[in-house]
Amino acid sequence: MGEFNVHRVRFFNYVPSGIRCVAYNNQSNRLAVSRTDGTVEIYNLSANYFQEKFFPGHESRATEALCWAKGQRLFSAGLNGEIIEYDLQALTIKYAADAFGGPIWSMAASPSGSQLLVGCEDGSVKLFQITPDKIQFERNFDRQKSRILSLSWHPAGTHVAAGSIDYISVFDSKSGSAIGKMLVDRQYMGVSKRKCIIWGVAFLSDGTVISVDSAGKVQIWDSATGTLVKNHLVSNADVQSIAVSPQEDSFVVGTAEGTVFHFQLVSVTSSSSEKQWVRTKPFQHHTHDVRAVAHSPTALISGGTDTHLVIRPLMEKVEVKNYDAALRKITFPHRRLVSCAKKKQLLLFQFAHHLELWRLGSTVATGKNGDTLPLSKNADHLLHLKTKGPENIICSSISPCGGWIACSTASRFFLYRLNYEHDNISLQRVSKMPVFLRSALQILFSEDSTKLFVASNQGSLRVIRLQEGGFTHPRAFQPQSGTVQSMCLLAVSPDGNWLAASGSSAGVHVYNVKQLKLHCTVPAYNFPVTALAIAPNTNNLVIAHSDQQVFEYSIPDKQYTEWSRTVQKQGFHHLWLQRDTPITHISFHPKRPMHILLHDTYMFCLIDKSLPLPNDKTLLYNPLPPTNESDVIRRRTAHAFKISKKYKPLLFVDLLDEKTLVAVERPLDDIVAQLPPPIKKKKFGT
C-alpha cells in the first residue's frame with residue numbers, strides 16, 4: 001500500500017438523530033425512515049440497503065407518523081398538526097396541509113391506498129381522500145375522549161381500529177361511527193397504573209386486533225365480541241411499536257428496553273388445524289427504546305433512540321444464504337458530511353444547524369511504521385458557523401484553497417469568503433445570491449477554486465465563477481432532453497474541463513464545462529451510484545455502485561477502459577461484494593496514476609491497477625506474504641487490492657498530498673456516551 005503519515009481525526013462530534021418512524025413499501029421494496037429532527041430517509045432494500053434519497057429536517061416538524069399510499073406516494077404527520085407529502089423526484093416537500101385537529105399522533109393509509117386516516121390530539125379521527133394532486137378532507141369519525149395514538153385499517157378496508165388511552169375503538173370506515181370499544185386492563189405486575197397508553201394496534205383479516213401498550217403487554221382481541229383472547233406480558237417497560245407481516249403469519253414488537261420480540265402463528269398440535277400466537281424469538285440489537293418496527297417478507301426492521309437502523313433477516317424466509325442474510329446495522333448517512341481543503345489542511349464538518357472548520361495538527365517527530373507520533377501543534381477549531389432559521393443544512397463544501405465555504409438549506413443558499421491573517425480568520429458573507437440556487441442538493445468547487453458547481457433539486461446544474469468581491473452571474477448546463485431529475489452526486493476533473501453528475505436514478509451524465517453541454521452519458525446500470533470521481537491526467541471517471549461494483553469510464557473516448565472491462569470479465573472477490581456499507585468517497589494519488597483510493601464505513605482500500613486482480617481462492621484482506629520472502633515472490637503473490645481496517649467507523653478518508661492521509665473516525669462508544677441513559681435492567685448475579 002505504501003507508507004503514509006495519517007492524521008487520525010476523532011474530533012468530529014457528530015451524533016445521528018434517533019429514529020422515530022419506519023414505513024415499509026412492499027411494492028417497491030423501499031423503506032422510509034423518519035428521525036427525531038424531522039429528517040426523512042429512503043432506503044432501497046433491493047440495492048444493498050442503500051440510502052438513495054433524503055429530505056432534510058426542520059425544527060418545527062416533529063414527525064410522529066409515516067406511511068406509503070397508492071402510486072408510491074409518501075406522507076408524514078407530526079405534532080405541528082400538518083400532513084406532508086414528499087416529492088420523491090425533486091426531493092422536496094410537495095405540500096403541507098393542516099388537519100385542524102391539533103397535534104397528529106398517528107396516521108394510516110387504507111389498503112387500497114386511496115384514503116388517509118389521521119388521529120389527532122383532540123380525539124378526532126379524520127379521513128382524507130388522496131387525489132392525484134393532493135389530499136382532500138372527507139369526513140370526521142366519532143370523536144373520542146382522548147388523543148388517538150395509533151390507527152390500523154382492516155385489510156378489507158371496512159373497519160378501523162384506533163388506540164387511545166385505556167381503550168381501543170373500532171370504527172365503521174364508511175359511516176365513521178364507533179361500533180365497538182375494548183377496555184384495556186390497567187393492572188401491571190399486580191399494581192394498578194394510572195393510565196394505560198395504547199402505543200400500537202394491528203387489525204388482521206379474521207377480525208383479530210393486536211395491541212401493544214405502556215404496561216408491557218401484547219394483547220390479542222376479538223373485535224366482533226370485544227373480548228380479550230390472549231395476553232402476553234413481554235416487558236417491564238412500554239411496548240412501543242408493532243408491525244405485521246404481509247401474510248399475517250407473524251408480527252414483531254419493540255420495547256422501551258431495547259428488545260425486539262417476534263411472534264408467530266403456529267399450530268397448537270401437529271395434527272390440529274387450530275393455531276395460536278406464540279412468542280418465538282427475542283432480539284437484543286438495541287440499547288435504548290425501539291420506537292419503530294417494520295416487517296418485510298424476509299426481515300424484521302427496527303429503529304429507535306440509539307440511532308441504529310437494524311435489519312434482522314428471517315433465515316427461514318431467505319432462500320439463498322448469502323450476504324443478504326447477514327444482520328445489518330446502519331448508523332451513519334450514506335453521504336459525505338466532511339469536506340477538505342488540502343492546500344491549507346482544513347476540514348469542514350457539517351452538522352444539522354452549523355458548520356465547524358478545523359485546522360489539522362502537525363508534528364516534527366519521526367518514527368517507524370505503526371507508531372503514534374506526538375503532536376507539536378494541536379488541531380485548531382477555527383470557525384463555528386451557525387445558520388439562521390429552523391431548517392437543517394442539506395449540503396456544504398469548502399474550496400481546495402480554503403478561501404470559500406458554501407452551504408445550502410431548503411430555502412437559502414450561503415456563500416462565504418474566508419481570509420487568513422497569521423492565526424486570525426475573518427469571514428465575509430456574499431450577499432444577493434440568486435434565488436434559484438436555494439435548495440441545492442450538492443455543492444462542489446473546482447480544483448483551482450475559481451468555479452462553484454451547484455446541483456438543484458429541480459434537475460438543473462449551474463456554474464458560478466468566483467472572484468475576490470463575489471461571483472459572476474451563474475450559467476446553466478444544458479440538461480438532457482426530456483429528463484428532469486435531481487442530481488445527488490457531482491465530480492469535476494482536476495483540469496476543470498469536465499463535470500460528472502449522477503441523478504437519483506442510476507444514470508451518470510458528463511458535461512463539457514466550457515461549452516455547458518452534455519458530452520456523453522455512461523451506460524445505465526441497475527444499481528444506484530454511491531460515489532464518483534474523475535482521475536487527473538487521464539480524465540477517467542471512476543464510479544462506485546451500491547452493489548459494490550466499481551467501473552472506470554474514459555470521458556475522452558466515451559467508453560469503458562480496458563482495466564474496467566477486465567474487472568467485469570473476471571469479477572470482484574466474493575468478500576469484496578459481501579461488504580454491507582457503500583463506498584462514499586473516491587480519490588487518486590497525485591503522483592501515481594495507477595492508484596485509486598476509496599473507502600466505506602469500515603475500511604479504506606488502495607487499488608493498484610498495475611497488479612492482477614484477486615480471485616476467490618486468494619486472501620483479499622492479507623495480500624502480501626511475510627516480509628522475509630524475496631521481492632520476486634512478494635510481487636508474484638500480491639494483488640491489486642490493499643485494504644486497511646485499522647480505522648473505523650470512517651466518515652471520510654482522503655490524500656492531502658502524496659505522503660499524507662487524513663482519516664475521520666466516529667467511534668460508536670462516543671455516540672452512545674451522548675445519548676440519554678437507557679432503562680436500567682436487573683441482571684442475574686448483580
Quiz item: Where do T387 and H353 land on the side chain to side chain donor-acceptor pair (under 3.5 Å) test, with the steps shown first?
Solution: CA-CA 6 Å; T387 58; H353 295 284; 4.8 Å; no

Self-check item: Test side chain to side chain donor-acceptor pair (under 3.5 Å) applied to R579 and N48, step by step
Solution: CA-CA 9 Å; R579 294 179 301 106; N48 204 7; over 6 Å; no

Practice problem: Check the pair T472 / Q467 against side chain to side chain donor-acceptor pair (under 3.5 Å), numbers first and verdict last. | Solution: CA-CA 8 Å; T472 60; Q467 53 194 23; 5.7 Å; no

Exercise. Evaluate salt bridge (Lys or Arg N to Asp or Glu O under 4.0 Å) for R30 paired with E52, printing each intermediate quantity in order.
Key: CA-CA 10 Å; R30 281 172 169 80; E52 61 180 7; 2.5 Å; yes

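Between the side chain of H58 and the backbone N or O of S60 there is at least one donor-acceptor pair closer than 3.5 Å. With S546 contributing its side chain and A47 its backbone, the two residues share a donor-acceptor pair below 3.5 Å. A donor-acceptor contact shorter than 3.5 Å is absent between the side chain of S76 and the backbone of L66. Within the 3.5 Å criterion, the main-chain N or O of T36 finds no donor-acceptor partner in the side chain of S17. Proximity of a side-chain donor or acceptor of Q548 to a complementary backbone N or O of T581 within less than 3.5 Å is detected. Judged by distance alone, with hydrogens and angles left aside, the side-chain atoms of S408 form no donor-acceptor pair with the main-chain N or O of R438 at under 3.5 Å. Although no hydrogens or angles enter the test, the distance criterion places a donor-acceptor pair under 3.5 Å between the side chain of D306 and the main chain of T287. For the pair H288 (side chain) and P676 (backbone), a donor-acceptor distance under 3.5 Å is present. In this structure a side-chain-to-backbone donor-acceptor pair under 3.5 Å is missing from D289 to R291. With hydrogens and angles disregarded, a donor-acceptor distance shorter than 3.5 Å links the side chain of T39 to the backbone of G57.
A salt bridge links K342 to D654: at least one charged side-chain nitrogen sits closer than 4.0 Å to a carboxylate oxygen. Ion pairing between E665 and K648 fails under the 4.0 Å rule for side-chain N and carboxylate O. The pair K53-E41 does not count as a salt bridge, with every side-chain nitrogen at least 4.0 angstrom from each carboxylate oxygen. The residues E85 and K134 are annotated as not salt-bridged, no charged nitrogen and carboxylate oxygen being separated by less than 4.0 angstrom. Note on R359 versus D380: salt bridge recorded, some NZ/NE/NH1/NH2 to OD/OE distance being below 4.0 Å.
Counting all heavy atoms, side chain and backbone alike, I425 lies closest to L382 at CG2-O, 3.7 Å. Closest approach of L598 and M603 over heavy atoms only: CD1-CE, 4.4 Å. When all heavy atoms are compared, the tightest approach of A379 to F11 is CB-CE2, 3.6 Å. Of all heavy-atom pairs spanning H585 and R336, the tightest one is ND1-NH1, 3.4 Å. Across all their heavy atoms, I543 and H545 have their closest contact at CG2-NE2, 3.6 Å. Looking at every heavy atom in both residues, I534 comes nearest to W498 through CD1-O, 4.0 Å.
Annotation: Q674, atom CD; neighbour count of heavy atoms from other residues, nucleotides and ligands within 6.0 Å is above 12. When the shell of 6.0 Å around CZ of R8 is examined, it contains more than 12 heavy atoms from other residues, nucleotides or ligands.
Two residues are said to be in side-chain contact when any heavy atoms from C-beta on lie closer than 4.5 Å; Y43 and L309 meet this criterion.
Here the straight-line distance linking atom OG1 of T409 with atom CZ of F414 works out to 5.0 Å at 0.5 Å rounding. Distance CG/N13 to CG/D670: 8.0 Å, rounded to 0.5 Å. Here the straight-line distance linking atom OG1 of T63 with atom CD1 of I84 works out to 6.5 Å at 0.5 Å rounding. With rounding to the nearest 0.5 angstrom, the CD1 atom of I671 is 4.0 Å from the CZ atom of F332. Taking CG of L91 as the start and SG of C488 as the end, the distance is 5.5 Å to the nearest 0.5 Å. Going from atom CZ of F445 over to atom CG of L490 covers 12.5 Å, rounded to the nearest 0.5 Å.
For the pair K344 and Y420, the cation-pi criterion (under 6.0 Å, within 45° of the ring axis) is fulfilled. For the pair R73 and W68, the NZ or CZ position fails the cation-pi test of under 6.0 Å to the six-membered ring centre and within 45 degrees of the ring normal. In this structure, R462 is not positioned above the aromatic face of F453 in the sense of NZ or CZ being under 6.0 Å from the six-membered ring centre and within 45° of the axis.
Ring pair F477/Y511 is tilted by interplanar angle, where 30° to 60° counts as tilted.
Considering W358, F652, F351 in turn, F351 is the only one that fulfils the ring-ring contact (aromatic ring centres under 6.0 Å, His included) rule with F12.
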